[in-house]
Structures are given as C-alpha cells and as structure tokens.
Number of protein chains: 4
Amino acid sequence: MRVNAPAAAGEPSATGGQSVANAARRAQIIESAIECIAELGYARASFAQIAQRAGISSTRLISYHFEGKEDLIRAVVHEALRAAAAYMHPLLQAQTSPSAMLATYITSNLDFIRTHPAHIRAVLEIAANTRPEPGVSAVEPDSASPVALLEQLFRQGQEVGEFRAFDPRVMALTLRAAIDAAVGELTARPDLDLDAYARELVALFDRATRKEPT
Amino acid sequence: MRVNAPAAAGEPSATGGQSVANAARRAQIIESAIECIAELGYARASFAQIAQRAGISSTRLISYHFEGKEDLIRAVVHEALRAAAAYMHPLLQAQTSPSAMLATYITSNLDFIRTHPAHIRAVLEIAANTRPEPGVSAVEPDSASPVALLEQLFRQGQEVGEFRAFDPRVMALTLRAAIDAAVGELTARPDLDLDAYARELVALFDRATRKEPT
Amino acid sequence: MRVNAPAAAGEPSATGGQSVANAARRAQIIESAIECIAELGYARASFAQIAQRAGISSTRLISYHFEGKEDLIRAVVHEALRAAAAYMHPLLQAQTSPSAMLATYITSNLDFIRTHPAHIRAVLEIAANTRPEPGVSAVEPDSASPVALLEQLFRQGQEVGEFRAFDPRVMALTLRAAIDAAVGELTARPDLDLDAYARELVALFDRATRKEPT
Amino acid sequence: MRVNAPAAAGEPSATGGQSVANAARRAQIIESAIECIAELGYARASFAQIAQRAGISSTRLISYHFEGKEDLIRAVVHEALRAAAAYMHPLLQAQTSPSAMLATYITSNLDFIRTHPAHIRAVLEIAANTRPEPGVSAVEPDSASPVALLEQLFRQGQEVGEFRAFDPRVMALTLRAAIDAAVGELTARPDLDLDAYARELVALFDRATRKEPT
DNA sequence: GATGAATGAGCGTTCATTCAT
DNA sequence: TATGAATGAACGCTCATTCAT
C-alpha cells in the first residue's frame, strides 16, 4: 500500500513533461489564481474561488494539476517573475553602464507594474503571507531573486567606479521595497502617475548611489 | 435612551472606561496576539492560538473583552504604533533641523525594531493582510499615519531650504518601505547588524534628500 | 458543599416574597423580554439582547432575578396571559348568554391584540418554540389554559341549548387558532382592519356553533 | 461569462441538474432534516444532529450538498409541500363542487397528517421560526401558498352561489389555522381520533360557509 | 484527462450560566 | 441588591485534500 508517495499515480507532477493540454490547463489555473490573489488577497484566494473564476466545475482539477496549494503558489510566483523578467531583461541588456541600468530597472519595473498590476500584487501578497522556512526564501531559489540581482548590479557599479561605497544589500533591499511600495500606492490611488513616480525614484536612487563629483 | 448599541450587554466595549482588571486582561490578550501574529503570521493567529499562548482557558474570553477579531486587530495596531511613537517621539522632538530629524527617525526606528521586533512584525503582517476598503487605510485614521507624518517632515525640510525639490509622498513611502524591509531582513537573518543598517539608510536618505552644495 | 440547590443563596427565587425593588426589576426585565421576543423572535431573544434593551449592564442581573431562561420565559407567558385576562374578563363577565360571551371573547381578544401586539406575539413565539414535555403544556398549568376555558364556554352553551352538538375541544382549538392566525396576519399586514376581522370571525363561529332554528 | 455565481465551485448547487447520486444524498439529508426538526424542534435541529441521524460522518456533507442552512430549510419546506400536494391534489380534482372540495380538503389534509406527521410538524416549526421579511413569506412564493389556494376555492364557491358572503382570506386563514391546530393536538395526544376530528372540522366549516337555505 | 463525492479540522461567534465579590 | 469576569459547549461555515471512478 502506497503511503508516502508524493504524487498520485496518473497525475502530472509539477516537474517533468506535461502534455500540451496539461500545460494549457495549468496556465489557465495559474492565471485565475493570480487574479484571485490580487483581487481578494492571499487569505481569500481559496481553491473554490480560483476554480470558480477559471470556469472549472470542481476544485479537484486544481489538485489534479498541482501537488497542492503550495505547488500552485510556487507556480504563480514563478510565472509572475518570469513575465517581469521577460519584459525587463531586454531593456536592461541594452544599457551600457550600471547607472543607466539602475534607471532602466526602475522605469521598466514601474512600466511592468502598470501593465501587469495583478501579477505584481499577487507576488506581493504571497511574499507577505508565506512564512519563510528557516534559511529559505519561499519566493525564490535565492540566487536568482530580484534582490540578489540588484545587489549584483550595485556591486558592479561600485567596481567600475560609478557608484559610491555603500552596502549593496541594503541598497538592493531598499530599492525593491521602494518599487513594491509604489504598487501599494497604485492600489490605493488608481489614478497615480506612475511615470512621475518613476522619475522621482530614479532621481532618488541616482543621488543615493552616485559617487559625488570631485 | 440607547437603542442600537453595537456591543452586547454585559461585555466591556472597546471604548469607554474599563475597570483595572479589565484593562489588564485586555493588555494581556493584546500582547499574546502580537506574539502570535509576529510568530505564526496573520493567517494562523487564530483566537485559539492567542488564547493558548495567553494561558486562557477558552477563546470566549477574547470575544468577551473584544467585540470581534477586527476589534482585537485594531487594538494590536494601536498598541504597536503607540509604543513606537512613545519611544521615538521624545528623540525626534529633541532635534532642531529636518535633516537631523530624518536621521533620528531612521536610527530610533531601527532601535525600536531591535527592542520590539514582534510589535513591528505584527503591524506589518496586519497591514499586508488587511484589504484597504476604498479610500480608507485599515491601519490608521490616515492623517496620523506614519507615512503622513514623514511627508510633513519632508515638506518642512523643503520649506526651510534644507531639502531639495522632490515629491514628499514618494520619499515618505520609500523611507517607510526601506525601514520595513529592514524588519524582513532581520527576520531572515537574526544576526543582522541593525546599527550598521541604520547608518547605511541615514547616508542613503541624506543624499537622496539634501540640497546639493552650490 | 451545595450541589443540587435549586437557587443560589442570596438570590430571590421565582416563587416567594420578593421585595418591591425586586419586583420592579423583574417587571422591567419581563417587559424587555416581551419586546425582544416579539421583535426578534424566540431564537434571537438572548439574555444579551434582553439586558441591552432593558438598559442593564450585565446579563448577570437576569440570572439573578430568574432561576434561568426557562423561569424567565414562564414569567413572560404568565404576565401576558394575566394582562389578557385582566382586559377580557370583565367584559366576558358582563355577558349573560354563551353566544354573547363567544362574540365578546372574539371581539375583546382582537381588541387586546390591537393594543398589546407584543404580548401576543411573544406568547405565540414561545408556544411555537417550546417543546411540550410529555403530558405537560409548557405554556400553562393546563386547567386554566385559554383553550380549556373556551372548551368550558362551549359546553355551557350546549347545556343551555344555545349551541348545537359538536366536540367542544375541537371548536375551542379552532377558535384559538383562528384568533392566533389573526396575529400573524396583522404582523404581515400592519394596516389590517381588526374590527372587520373580528366581525368576520364572530359571524363564522356564530354559524359554526349555533343550533339551527327549527 | 459567469462572474458572480453565488455557489462555490466544485459543489452542486441547489438548482440545476444534479447527478443521481447527488439527488439521492440530498433526499436523504432532507429526510433526516425533516425528522430532526419535527422531533427536536427548529432550534435544536442543527447540522450536527441532522448529520448524525442521517448516518453521515461530518456536517461538511450537508454544506456540500446545500448552499447553507437556509437552502436546506427551503428544500425541506418544498419537499413537504410537494408531498402534501401530491397526495391531496388528485382527490381535490375529483370533486365537482366547492363545498365538496372543501370537505375533501379537510379530510385529505388530516389523512396526510396521519401518514406524514413529521412533514407537517417540520413545516409548522419552520413557519413559526422564520421571520417573514417584510412582504415576503419565507415559506412559499406566495401565490401558490396553501392559504392563497384556499382563498381561491372560497371565492369560487361564492361565485357559484354555494357559499355565503364572507371574507375569503379570513376564512382561508382560519381553516389553515384550524388544520394546523390539529397537528399540535395530535402531537400532544398521539391517540387522537383524526377521523372524528376531520368530521368535526367539516361540519364546522360547512356551516360557517354555506349559504343558508331560504 | 477529468470529475463528483466525501472528509476532518479548524474558523470566529454566540449561548446560558457560574464564580467571586 | 447588584456586578464584572470568566467559562465550555455548540453553532454554521470554509478549508485543502483524498477516494473512487
């Protein structure tokens, strides 16, 4: 008798090759989950709500395509970060200096927020509601996390002499928090001018990082 | 003649003069709630957990002293902000310039975080998990909110010519987010050097706000 | 150690001599209970609601003056029936024939309903929601119950030859039910013409009971 | 596209085509609810009691098959009235005159009471314990209510000259109340002779309605 | 690949009542 | 005579998940 099998027989696991139909269903459920979490908040985004919004008759379909709630949440975060990276990465790659990349990071991130507010809200809800198991960020496998990437950017700027001396991790945490705070503000005030917000943040972090002219 | 009193008879309401014993119990429950929320997260901080941690026999005692969960949460937020203000206010009042107040705000806030991490974590959990009813911040009556107070500080600094021209609200949101991010970092890395963190933030926001020397 | 004492020491029992202040409090609570039951229904007429409406700070005062909920309910029924009897009895006594008494019973009862709708509604709510313990009517000590009194009236009318032969108990139950149904109709349609209703019922039961003229 | 569907996904709704197994479970739960309400009274007929009597492991199964308690109660009333109508309707249709229909209504209704006492008791309990929202009978969609149907019968009898002039609504309310009172009497005295009771009521309402011979 | 049926645990809340002054 | 404080039990309801096709 099977006891501790992680996935039931006949059900697609989170990893490994799914069929095309499988993948389409998964994407549909993930999309529905993103909307639910963004709109209702993490706590109220139950399987029932997600299934209903996805036009699915039974919550069973969710547990069929995902190993459990945790698995679904992981997929939601993965999808949101993937979409953000897909939008921002090309723009960042086109920049030639760390300071230009910093400005582009802020601007393109707020652009992404404008076009994908639900994705962002969902990730923030999840991040706020998921207990970090000791030493493990629940959101990301750590080294590829947004904060780590920013840290790396700041370090590069310091190495090439464009940025002053500061703790790259503190600066990275602060920048991420600043951008995430813009999401909260946008939610509270939907008519917020994100372009102006971006310009403010660019100026703020430009002064905060730039090496003073001699 | 009172007709539609919102609170049930025989139970102390949230407002109005409680007896000493009453107030002590309330404080005990609030303290227990703060610990629970900080430790378990908002979602898992059930009445059962709170009662258990408070050494109370039944959850009924909580509903007896508070009108409902919402009322308890409100009391938790109120208590946490009150404690923070009680710690920071005297120090802020002792400063004579906006820039000095800014540095003091950051430093004293991180000091408070060090000594009252649970209070801070609880408020952040609550803020993250409470849907803001349109136009109404669930956490505070708005005008006295931490962000609004910072906004005022920045405006004063601009008026006296100490700070450069920037959007005071964006700066205020960013500073609050930066400090709150420090709480998250402290949770993930308990050995974090908060003094160093404070120095980094002071330098960061000093440069971000200060009018350039001519 | 006291175990099965029916009433706590120092507390007035339901029977026996209360002081004047005691009686006044009891009356106040009974009045409040009547209003609550009539307005909210039996199920929602909790001690909390009753105490609140009575302007009493604690439900403890109710359990102090009454042995328990059952005792309070009994007092409510007793008071309502007493008030009805006090109103109707003199009018009934003034009648000289059973048929006149029948008409007066109907008319005066609907008059009482008009002036004391809450009393009537409360009794009906209680009657509907109290399980009759085997062989015992929960509402009344039986022999003095409204139905029993009507039964006696019908029997007298038959003995003096005014009423035809019929089962007095069926007729009594039907008349009581007919009058109680008027209360329900009045609740649903507050503008109901009770005088007309009374005339209809008088005609109905006059024909139902009267011995046909030869 | 469905957006605000009231029922949770994955659970069968009260309306619409259920599967056979679904319908059977629903019927089983309804039956258990009828017995519980009839036996314990409305207030004590909790999900726990109903589930226990139905031999169901958890109350969750009830919330699974019904949208909530209100929905279950609605189903109980519907089922009871349906069963009564199914029994009485053919017999009523076979009658050719209003007065014959009146007698048949009384007789067949008491017959139904004899064979389905729990159904009747349950409906009466529900009717007594459900607050009628202003203008809306909680029990029935009004136009098809038992009282309305009787009203129509009396009106027809008046039109064909069989019944005297009286208010049809008062007569209808009185007849329904008279029959319902028989249920109460049967509960208090299980050995009641319902045939005799029916004969008494037939005679009573025959005299109450019939046009006097000239 | 998909589904209906079923489940135990937990939620916040309300209940009448008792304890201790 | 009156009261605040405290209590265990029960309520309807929602949760993610498992069983059996």
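In this text, all values refer to a predicted model and were calculated from it rather than measured experimentally. Within every chain, numbering begins at 1; the chains are lettered A, B, ... in the order of the sequence lines, protein sequences first and strands thereafter. Heavy atoms only: backbone and side chains are in, while hydrogens, waters and symmetry mates are out.
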Review point. Does OP1 or OP2 of dG8(F) have a side-chain N or O of Ser57(B) closer than 4.0 Å?
Key: yes
Check your understanding: For His65(A) and dG1(E), is the shortest distance between a side-chain N/O and OP1 or OP2 below 4.0 Å?
Key -> no
Counting only pairs under 3.5 Å, give me each side-chain donor-acceptor contact of residues 31-45 of chain D, with atom names and distances, residues two or more places apart or in other chains.
unit_1, atom_1, unit_2, atom_2, d
Ser32(D), OG, Ile50(D), O, 2.8
Ser32(D), OG, Ala54(D), N, 3.4
Glu39(D), OE1, Arg53(D), NH1, 3.1

[X] [atom1] to [N] [atom2]: how many Å, rounded?
X	N	atom1	atom2	value
Leu40(B)	dC11(E)	CG	P	11 Å
Ile50(C)	dA16(E)	CD1	P	8 Å
Leu61(A)	dT17(F)	CG	P	15 Å
Arg26(D)	dA5(E)	CZ	C1'	14 Å
Phe66(C)	dT18(E)	CZ	C1'	18 Å
Ile73(A)	dA16(F)	CD1	C1'	12 Å
Leu72(B)	dC11(E)	CG	P	14 Å
Arg25(C)	dT1(F)	CZ	C1'	9 Å

Practice item. Could you check whether Ser58(B) gets within reach of a base, just the sugar-phosphate, or nothing at all, counting any heavy atom under 4.0 Å? Key: base
Practice item. Report the base-pairing partner of dA20(F) (Watson-Crick or G-U wobble, both distances below 3.5 angstrom), or none. Key: dT3(E)
Pairwise N/O distances under 3.5 Å, protein to nucleotides 10-14 of chain F:
unit_1, atom_1, unit_2, atom_2, d
dC11(F), OP1, Ser46(D), OG, 2.6
dG12(F), OP1, Lys69(D), NZ, 2.4
dG12(F), OP2, Phe47(D), N, 3.0
dC13(F), OP2, Lys69(D), N, 2.8

Study note, to complete from the structure: Contact check, residues 27-35 of chain A vs DNA chain E, heavy-atom distance under 4.0 Å, returns none
Check your understanding: Could you walk me through whether Leu124(B) and Arg121(B) pass the side-chain contact (heavy atoms from CB on, under 4.5 Å) check?
Key -> CA-CA 5 Å; Leu124(B) 292 183; Arg121(B) 293 218 55 186; 5.8 Å; no
